[in-house]
S.K.: 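Structure below; questions to follow.
All ligand and atom numbering here is 1-based and tracks the order in the structure. Please read all numbers here as calculations on a predicted model, not as lab measurements.
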Amino acid sequence: MAFFQSGIKKFIRNDFILLENKIEDVDLHSLIKSESPKKVFIINEGQRYVVHLSDSTDQIIFSTCTRISVNTELEDVSSFFDKSETLLVHDGGNFIGYINAFDFTKQLANTYQEMQAYFQTILDTIDASCTVIDSNESVLIWTEGAEKIFSVKKPDIIGKPITNFFNTDNLALLKTLKDGTSLHHSQHKAREDLVVLINSSPVYLNKQIIGAVVSETDITSQIRLNNELYSATEKVFNLEKEVNKLMPTDDPFKLIRGNSSALKRTINMTKKAATTETNILIHGESGVGKELFAKAVHNIREGQNAPFVAINCGAIPSALFESEIFGYERGAFSGADQKGKKGKVELAKGGTLFLDEIGEMPLEMQVKILRLLQERKFYPVGGTKEIEVDFRVVAATNRDLKELIKEVKFREDLYYRLNVVSLEIPPLRKRPEDIIELTHYFLYEISIKYKRPIHGISQTVMRALLQHDWPGNIRELKNVVERLVVFSDEGEIKIEDIPFEINGMELPNGRKTSYPSIFNESDNRSLNERLQEFEKEIIMKELEKEDGNKLSCAKKLQVTRATLYNRMNKLGLKI
Ligand SMILES: Nc1ncnc2c1ncn2[C@@H]1O[C@H](COP(=O)(O)OP(=O)(O)OP(=O)(O)O)[C@@H](O)[C@H]1O
């Protein structure tokens with residue numbers, strides 16, 4: 001399309017003859033006649049002329065002409081015609097042609113018509129509505145799409161102020177016109193029965209806003225379908241829960257979501273560890289899923305119906321520890337329940353005692369627990385009869401127990417008793433590919449919990465979640481998703497609701513961003529891990545650009561489709 005080429009090249013004519021100096025030797029009269037219709041230019045003593053013969057007198061007429069560079073902007077050309085009707089064009093000093101005012105105007109008019117034709121066809125082709133207003137808020141363009149969405153006919157609205165037809169408060173277009181705000185894919189309830197996705201942009205000319213354009217797509221039916229899908233999903237979810245109650249699933253890892261190789265490795269090790277009767281110690285940062293893994297071990301070893309009794313060793317005050325764990329006899333101490341109370345150990349009979357945050361257990365209790373683990377017998381507080389009980393132990397900690405041993409805060413003998421088999425649950429930053437599956441899983445679960453249908457999650461939000469460091473691991477991710485669902489509007493998750501600073505990303509509200517996480521100073525991951533994150537970003541970005549089309553994406557990245565699938569698989573991207 002010629003008019004999209006910027007610059008003046010298409011207006012330059014090259015049917016010309018240029019005579020420089022020494023014109024005395026030339027018979028100008030015959031030259032002009034013989035070379036007609038070529039234009040003849042003369043450069044003499046630094047002056048430039050275009051010469052032609054007068055129609056009436058056949059005399060040579062000299063008209064001065066202006067010299068312009070081939071790089072002159074199109075919009076600046078007309079100002080040169082104030083000085084002369086013909087412009088001699090040079091490229092780095094060499095004259096390459098000329099532009100005359102008559103041709104220029106004619107071609108501009110042609111270009112304008114061409115543009116109009118394309119422009120009109122674009123407007124007639126798009127389904128979405130397109131509305132354009134000028135700086136006086138009058139409607140310049142109103143497409144068929146706009147007629148359909150807003151039931152206002154084009155002849156009725158063209159040339160009239162848009163505010164005659166719509167409530168000012170509801171007009172994104174006016175805001176765009178006034179302060180230059182752009183919108184992209186912003187969901188908006190235009191009427192009670194109409195939901196649209198809006199894009200809007202100001203029109204700038206010479207750094208001034210001269211109008212605004214808005215395009216709206218009716219998504220009411222998508223929203224309705226999504227709501228129907230949501231109610232169906234909710235029913236399936238509840239039915240699934242009922243079925244699980246009646247026929248418990250035999251997959252002990254069902255609640256552990258994620259597809260990363262790091263997680264798969266941990267699951268495999270857990271399966272092996274759970275084939276033994278022995279004590280298991282689970283290490284891992286806060287919120288990585290230690291309790292979920294402890295439960296999985298329990299489900300494999302003892303079965304779901306056996307008791308799983310968890311004690312958070314960091315949450316029980318020292319004074320109550322013994323009675324909590326071992327229970328107490330009737331009247332054991334003042335304020336105690338008169339009937340006495342079974343301790344956690346007794347409750348875990350035939351099942352699993354899960355000692356969470358074992359590193360926080362008071363030293364004086366550690367010796368009692370050690371004896372319990374060695375002898376499987378204990379005295380309730382105030383009791384005289386020893387109770388024998390059979391149970392398995394799984395302990396968990398996010399502390400470095402060896403360090404605590406050095407600081408004399410943890411008993412070495414207890415450590416070796418608990419740590420017969422140890423499992424390490426990797427933090428989320430070592431398996432970022434799990435973030436995608438976990439996010440979708442939590443979105444689904446939480447949207448049902450709050451009865452708030454969600455229409456999906458944009459690539460921008462997902463990218464922000466993928467780039468975050470997640471010190472609180474999966475619990476933190478779950479909380480963030482919960483927040484996004486709670487603050488969602490009309491099923492739309494908003495990037496503004498992300499409660500942490502977003503790396504290397506431009507936000508609509510101009511919130512400050514920092515560098516991508518692969519460049520963070522605190523990033524201790526290997527080169528390979530960082531490269532994988534980068535690769536993942538590239539693939540996700542290209543897929544987004546290609547609307548999810550893998551073949552086009554593979555072509556763009558110059559790999560085969562099979563290679564793209566392999567890489568996506570390896571990087572844990574959903575195929
Ligand atoms: N892989 C996973 N899939 C689904 N949910 C998970 C996963 N891992 C953890 N969660 C969820 O994250 C939250 C924290 O998990 P959990 O309590 O098991 O972690 P933890 O390591 O024991 O935490 P803490 O260190 O605080 O004791 C829970 O809501 C749990 O259901």
S.K.: Applying a heavy-atom cut-off of 4.0 Å, say which part of F253 lies close to ligand 1: side chain, backbone, both or neither.
M.R.: neither
S.K.: For atom 5 (N) of ligand 1, find the nearest protein heavy atom and state the residue, atom name and distance (0.1 Å precision).
M.R.: F442 CZ, 3.6 Å
S.K.: Please write down residue, atom name and distance for the protein heavy atom closest to atom 16 (P) of ligand 1.
M.R.: G289 CA, 3.7 Å
S.K.: So E302 and F308, side-chain contact (heavy atoms from CB on, under 4.5 Å) or not? Walk me through it.
M.R.: CA-CA 9 Å; E302 265 69 50; F308 176 86; over 6 Å; no
S.K.: How far is atom 9 (C) of ligand 1 from its nearest protein heavy atom, and which residue and atom name does that atom have?
M.R.: I474 CG2, 3.4 Å
S.K.: Is L255 touching ligand 1 with its side chain, its backbone, both, or neither, if touching means heavy atoms under 4.0 Å apart?
M.R.: backbone
S.K.: Under 3.5 Å, is there a donor-acceptor pair linking the side chains of Y441 and E445?
M.R.: yes
S.K.: Knowing that exactly one of R411, R371, K409 qualifies, which makes a side-chain contact (heavy atoms from CB on, under 4.5 Å) with Q366?
M.R.: R411
S.K.: Tell me which protein heavy atom sits closest to atom 7 (C) of ligand 1, plus the residue, atom name and distance to 0.1 Å.
M.R.: L292 CD1, 3.4 Å
S.K.: Is the Y415-F410 ring centre distance short of 6.0 angstrom?
M.R.: no
S.K.: Are L401 and L404 packed together at the side-chain level, in the sense that at least one heavy-atom pair is separated by less than 4.5 angstrom?
M.R.: yes
S.K.: With the threshold set at 4.0 Å, does a side-chain nitrogen-carboxylate oxygen contact exist between R224 and E228?
M.R.: yes
S.K.: Does G287 reach ligand 1 with a nitrogen or oxygen that is under 3.5 Å from one of the ligand's nitrogen or oxygen atoms?
M.R.: yes
S.K.: Look at the aromatic rings of W470 and F500 and report parallel, tilted or perpendicular, splitting at 30° and 60°.
M.R.: perpendicular
S.K.: Any nitrogen or oxygen of E291, main chain or side chain, under 3.5 Å from a nitrogen or oxygen of ligand 1?
M.R.: yes
S.K.: What I'd like to find out is whether the side chain of S458 reaches to under 4.5 Å of the side chain of I495, using heavy atoms alone.
M.R.: no
S.K.: Looking at atom 20 (P) of ligand 1, what's its closest protein heavy atom, distance included?
M.R.: K290 N, 3.4 Å
S.K.: Please identify which atoms of ligand 1 are closer than 4.0 Å to at least one heavy atom of L438.
M.R.: 2 (C), 3 (N), 4 (C)
S.K.: Among all protein heavy atoms in this structure, tell me which lies nearest to atom 28 (C) of ligand 1, with the distance rounded to 0.1 Å.
M.R.: K478 NZ, 4.5 Å
S.K.: For the NZ atom of K451 and the CD1 atom of I446, what is their distance to the nearest 0.5 Å?
M.R.: 15.0 Å
S.K.: Pick one of side chain, backbone, both or neither for how D356 approaches ligand 1, counting any non-hydrogen atom pair under 4.0 Å.
M.R.: side chain
S.K.: For atom 1 (N) of ligand 1, find the nearest protein heavy atom and state the residue, atom name and distance (0.1 Å precision).
M.R.: R257 O, 3.0 Å
S.K.: Looking only at protein heavy atoms, identify the closest one to atom 17 (O) of ligand 1 and say how far it is in Å.
M.R.: R475 NH2, 3.2 Å
